[in-house]
Amino acid sequence: MKTVQDYIRTIPDFPHAGIMFRDVTTLFSDARGFRIAIDQLLHPYAGQPINKVVGLEARGFILGGAIAHQLSVGFVPIRKKGKLPGKTIEQDYTLEYGQATMEVHDDALQAGEKVLLVDDLLATGGTAEAGIKLIERMGAEVIGCAFIIDLPDLGGRKKLESLGMNVHALCQFEGA
């Protein structure tokens, strides 16, 4: 029986030499693999009250939409700066190669809502941390952070756990 990791393609030297890019599009394009991933991402949160699913740009939108549908709850995108049309709040964060800004509509979450944060990959944790800060600034509570892939050598899980987050990942790959 195939695992989620079996559906993920590795592309060497993308986008730069020395990077082993973990491509989840091969997982998404396989109906069985995609179903397994969504079911396994949801499993630890079964029975917990969740009001919204938040997906981080861009592959987190694919996962977040499917998970929100399964839970019959709303979906909220957190996007790169300049991509949302309404009034937003923003959060700067550090990437491996510089600075960036994420934003969310200022009315997307309500105080007290329970939120599941999802994305495809946890590397350094910078993007997820920015998402958590935005969610918390709106008064909502992150009940968990779910990822398909964890790259433990880059320290993202430790960063999020140090913020008090419950982190769930379906598989991990060593290295960068």
Side-chain angles (χ1 to χ4, degrees), residues 3-5 7-8 22 24 27-28 33-80 84 88-95 100 102-174:
T3 68
V4 166
Q5 192 164 354
Y7 291 95
I8 298 168
R22 308 308 176 170
V24 295
L27 169 68
F28 294 165
F34 190 52
R35 168 56 82 183
I36 291 168
I38 296 303
D39 289 348
Q40 289 180 4
L41 286 168
L42 279 169
H43 182 74
Y45 308 102
Q48 291 189 40
I50 297 173
N51 304 107
K52 299 266 175 64
V53 175
V54 170
L56 299 174
E57 188 162 336
R59 290 171 295 273
F61 298 171
I62 296 164
L63 298 167
I67 291 169
H69 174 76
Q70 286 295 105
L71 295 173
S72 297
V73 300
F75 170 76
V76 175
I78 292 184
R79 303 218 52 196
K80 294 174 183 169
L84 293 171
T88 62
I89 61 170
E90 58 186 51
Q91 180 67 48
D92 294 331
Y93 66 104
T94 303
L95 297 163
M102 299 294 282
E103 62 184 10
V104 64
H105 281 127
D106 70 348
D107 60 354
L109 298 169
Q110 304 303 311
E113 285 188 310
K114 309 288 188 203
V115 173
L116 176 62
L117 180 86
V118 298
D119 203 1
D120 67 320
L121 178 76
L122 177 58
T124 65
T127 306
E129 181 181 19
I132 291 164
K133 287 180 178 178
L134 286 168
I135 293 164
E136 290 178 341
R137 283 174 49 200
M138 299 174 83
E141 177 188 349
V142 180
I143 59 103
C145 301
F147 305 91
I148 293 176
I149 302 167
D150 179 16
L151 301 178
D153 295 344
L154 298 181
R157 175 184 287 270
K158 288 180 184 173
K159 177 185 278 187
L160 299 185
E161 289 175 343
S162 75
L163 297 172
M165 294 296 121
N166 170 2
V167 177
H168 172 58
L170 303 186
C171 64
Q172 64 180 25
F173 289 92
E174 301 304 318

*Find out whether K52 and V73 are in side-chain contact, i.e. whether some heavy atom of one side chain is under 4.5 Å from a heavy atom of the other.*
no
*asked:* As an exercise, state the distance from CD1 of I149 to CG of L121, rounded to the nearest 0.5 Å.
replied: 5.5 Å
*Within a strict 4.5 Å, meaning less than it, do heavy atoms of the L56 and I78 side chains meet?*
yes
*Would you indicate whether K159, at its atom NZ, is surrounded by more than 12 heavy atoms from other residues, nucleotides or ligands within a distance under 6.0 Å?*
yes
*Between CD1 of I89 and CG of D107, what distance do you get to the nearest 0.5 Å?*
10.5 Å
*Y45: what forms a ring pair (Phe, Tyr, Trp, His ring centres under 6.0 Å) with it, not counting sequence neighbours?*
none
*Beyond-backbone contact of F28 with I148, side-chain heavy atoms, under 4.5 angstrom*: yes
_Interatomic spacing from CG in L84 to CD in E90 - rounded to 0.5 Å_ = 11.0 Å
*Indicate whether the side chain of Q172 and that of R157 have a donor and an acceptor atom separated by less than 3.5 Å.*
no
*How long is the span from the CG atom in N51 to the CD atom in E141, to the nearest 0.5 Å?*
10.0 Å
*Testing R79, E103, H105 for side-chain hydrogen bond (donor to acceptor under 3.5 Å, both in side chains) with T88, which one passes?*
E103
*Closest contact, heavy atoms only, L160 versus E129*: CD2-N, 4.0 Å
*Are side-chain heavy atoms of I132 and C145 found at a separation under 4.5 Å?*
yes
*Quick one: pull up NE2 in H43 and CG in L41 and give me the separation to the nearest 0.5 Å.*
12.0 Å
*CG on L122 to OG1 on T124, rounded to 0.5 Å*: 8.0 Å
*State, to 0.1 Å, how close M102 and E57 come at their nearest heavy-atom pair, and which atoms those are.*
CE-N, 4.3 Å
*Heavy atoms only: give me the nearest L151-F173 pair and the separation to one decimal.*
CD2-O, 3.5 Å
*Minimum heavy-atom separation for E174 to D153, with atom names?*
OE1-OD1, 3.3 Å
_If you count every heavy atom of other residues, nucleotides or ligands that lies below 6.0 Å from R35 atom CZ, does the total exceed 12?_
no
*asked:* Give me the atom names and distance for the closest heavy-atom approach of L109 to M138.
replied: N-CE, 3.4 Å
*What's the shortest heavy-atom distance between F34 and L63, and which atoms?*
CE1-CD2, 4.2 Å
